Asks: 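Pasting a structure here, questions to come.
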Amino acid sequence: MAVAQMQSGFLFFHSHKSTVSTETMKPMATLTTVPALGLSETFTRLKRQGKMAFIPYITAGDPDLSTTARALKVLDTCGADIIELGVPYSDPLLDGPVIQAAATRSLARGTTLNAIFAMLEDVVPQLSCPIALFTYYNPVLQRGTEKFMTAVKNVGVRGILVPDVPLEMTGNLRREASKNKIELVQLTTPTTPRDRMKAIVEASEGFVYLVSSVGVSGMRASVNPRVQTLLQDVKRVTSKPVAVGFGISKPEHVKQVAIWGADGVVVGSAIVRILGEAKSPEDGLKELEDFTKSLVSALS
């Protein structure tokens, strides 16, 4: 059975259908080595340096988890400040066709939540930037919020985004995230009413995620010109960093968002497509390196 709600321009969908397997996992030893900085601390450091955060997104398990682990290292080495790692889900209603296809491929290969956590447990200590997990609510619900957040903490992840849970329903998520020192990032959209935007911004931790356009994620020819005004509106009510995502896919997009005053930029579909459509994992990683360098150069 599923329940759907419209909230702030998004369709929020809660399904009890099993997606990513959440079979019982053997207890993991808590890592003693984790990135020195969390999300908010990373933005504070970058602000002191007069820099904007580059936040790439990839889907875990596409084309496979071994390549995901290598991609995380490539992104880190090439200058990522925070990396969003997507948990593949069978009903990714906010994602466009590129990320939907990546999730489908990942699930078809048998990617499980436990396998993702095991990969992160190994890779996170090798990274200099923090990881933020992007997951729909169903995998959290299947495992149980307390156990899920504990596992996230134990593998060294520093932040989490759960886009299909409306603000009013985030109480338990926020409590468990706070208990485990995980920053729960909230999203605001072009259609979010001003009073509600204020509440979302107040609740958000790490940074505020400003969705640049209405609809699903994906590559677009240009950045929505309303983003400049939306950024100003958000910044009038908070001193928290604001990162812009959805539709950012070219170096010129990154430059434009920087000029408008964003504190960070999220690039997803363009990167996911590189890894998913490459002739081989090696080709994909090489192209990922070149593309990432071009995006980071746009910020310098």
Side-chain angles (χ1 to χ4, degrees), residues 31-49 51-87 99 102 106 115-135 152-161 181-183 185 206-207 209 241 243 245 248-249 251 254 258 263-276 278 281-300:
L31 293 177
T32 56
T33 303
V34 297
L37 300 178
L39 309 187
S40 56
E41 293 167 322
T42 296
F43 276 101
T44 298
R45 173 180 59 81
L46 291 170
K47 185 176 182 179
R48 286 198 301 264
Q49 298 171 349
K51 296 180 179 180
M52 176 178 166
F54 170 58
I55 310 173
Y57 169 101
I58 60 174
T59 300
D62 183 46
D64 53 61
L65 281 175
S66 175
T67 303
T68 298
R70 296 169 68 191
L72 291 173
K73 297 174 189 176
V74 168
L75 292 170
D76 183 50
T77 301
C78 289
D81 297 296
I82 296 167
I83 302 174
E84 281 187 25
L85 181 66
V87 174
I99 296 179
S106 179
I116 294 171
F117 284 154
M119 180 272 295
L120 287 169
E121 185 179 29
D122 177 61
V123 173
V124 167
Q126 304 175 50
L127 305 178
S128 62
C129 69
I131 299 291
L133 206 64
F134 186 107
T135 179
V152 168
K153 176 194 69 175
N154 286 347
V155 299
V157 168
R158 305 306 298 272
I160 189 167
L161 300 85
K181 294 181 170 55
I182 298 165
E183 294 173 291
V185 179
F207 63 94
Y209 193 129
I248 312 297
S249 59
V254 171
D263 301 293
V265 60
V266 183
V267 180
S269 293
I271 290 175
V272 171
R273 184 173 69 173
I274 287 172
L275 292 171
E282 292 296 337
D283 288 346
L285 290 167
K286 181 61 175 74
E287 189 176 350
L288 173 66
E289 179 179 356
D290 294 341
F291 183 60
T292 301
K293 287 179 178 177
S294 74
L295 296 172
V296 172
S297 294
L299 295 176
S300 59

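Just so it is clear, the structure is predicted and the values come from calculations on it, not from any experiment.
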Asks: So which heavy atom on Asp76 is nearest to which on Cys129, and how close?
Replies: OD1-N, 3.2 Å

Asks: Any donor-acceptor pair under 3.5 Å linking the side chain of Ser294 with the backbone of Phe291?
Replies: yes

Asks: Going by an N to O cut-off under 4.0 Å, is there a salt bridge joining Lys286 and Glu282?
Replies: no

Asks: Do Asp62 and Ser106 have side-chain N/O donor and acceptor atoms under 3.5 Å apart?
Replies: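 Their side chains do not contain a donor-acceptor pair, so the 3.5 Å distance test is not met.
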
Asks: Could you pull out the closest heavy-atom pair between Thr59 and Ala102, with the gap in Å?
Replies: OG1-CB, 3.8 Å

Asks: Set out, in order, the CA-CA distance, both residues' side-chain angles and the distance that settles side chain to side chain contact (heavy atoms under 4.5 Å, CB included) for Phe43 and Ile82, then state yes or no.
Replies: CA-CA 9 Å; Phe43 276 101; Ile82 296 167; 3.6 Å; yes

Asks: In the structure I gave you, are the side-chain heavy atoms of Pro56 and Thr292 within less than 4.5 Å of one another anywhere?
Replies: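 Side-chain contact under 4.5 Å: no.
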
Asks: I'd like to check Leu299 versus Lys51 (side-chain heavy atoms, cut-off strictly below 4.5 Å). Are they in contact?
Replies: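 No, side chains not in contact.
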
Asks: So, do Glu84 and Ile55 sit near enough that their side-chain heavy atoms are less than 4.5 Å apart?
Replies: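 They are in contact (side-chain heavy atoms under 4.5 Å apart), so the answer is yes.
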
Asks: Enter the distance from Ile83:CD1 to Ile131:CD1 here, rounded to the nearest 0.5 Å.
Replies: 4.0 Å

Asks: For residues Gly206 and Pro241, report the shortest heavy-atom separation together with the two atoms involved.
Replies: O-CG, 3.5 Å

Asks: Is it the case that more than 12 heavy atoms not belonging to Lys73 sit under 6.0 Å from its NZ atom?
Replies: yes

Asks: Of all heavy-atom pairs between Met119 and Leu72, which one has the smallest distance, and what is that distance?
Replies: SD-CD1, 3.9 Å

Asks: Below 4.0 angstrom, N of the basic side chain to O of the carboxylate: do Arg273 and Glu287 qualify?
Replies: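 No, this pair does not count.
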
Asks: Find the distance between CZ (Arg70) and CG (Leu275) and round it off to the nearest 0.5 Å.
Replies: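 Going from the CZ atom of Arg70 to the CG atom of Leu275 covers 11.0 Å.
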
Asks: Give me the ring orientation class for Tyr57 and Phe134: parallel if the planes are under 30° apart, tilted from 30 to 60°, perpendicular past 60°.
Replies: perpendicular

Asks: Considering only heavy atoms from C-beta outward, does the side chain of Ile248 approach that of Val266 to under 4.5 Å?
Replies: no

Asks: If I compare all heavy atoms of Gly38 with all of Glu183, which pair ends up nearest, and what's the gap?
Replies: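 Smallest heavy-atom distance, with atoms named: C-OE1, 3.7 Å.
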
Asks: Show the numbers, then the answer: is there a side chain to side chain contact (heavy atoms under 4.5 Å, CB included) between Leu161 and Tyr209?
Replies: CA-CA 9 Å; Leu161 300 85; Tyr209 193 129; 3.5 Å; yes

Asks: Test your reading of the model: is there a side-chain donor-acceptor pair from Thr68 to the backbone of Ala60, 3.5 Å cut-off?
Replies: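 No; zero donor-acceptor contacts below 3.5 Å.
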
Asks: Which heavy atom of Pro281 sits nearest a heavy atom of Asp64, and at what distance?
Replies: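 That closest heavy-atom pairing would be CG-OD2, 4.5 Å.
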
Asks: With a 4.5 Å cut-off on side-chain heavy atoms, are Leu85 and Val157 touching?
Replies: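 No, every pair of side-chain atoms sits at 4.5 Å or beyond.
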
Asks: Given Val265 and Met52, is the side chain to side chain contact (heavy atoms under 4.5 Å, CB included) satisfied, shown in steps?
Replies: CA-CA 8 Å; Val265 60; Met52 176 178 166; 3.3 Å; yes

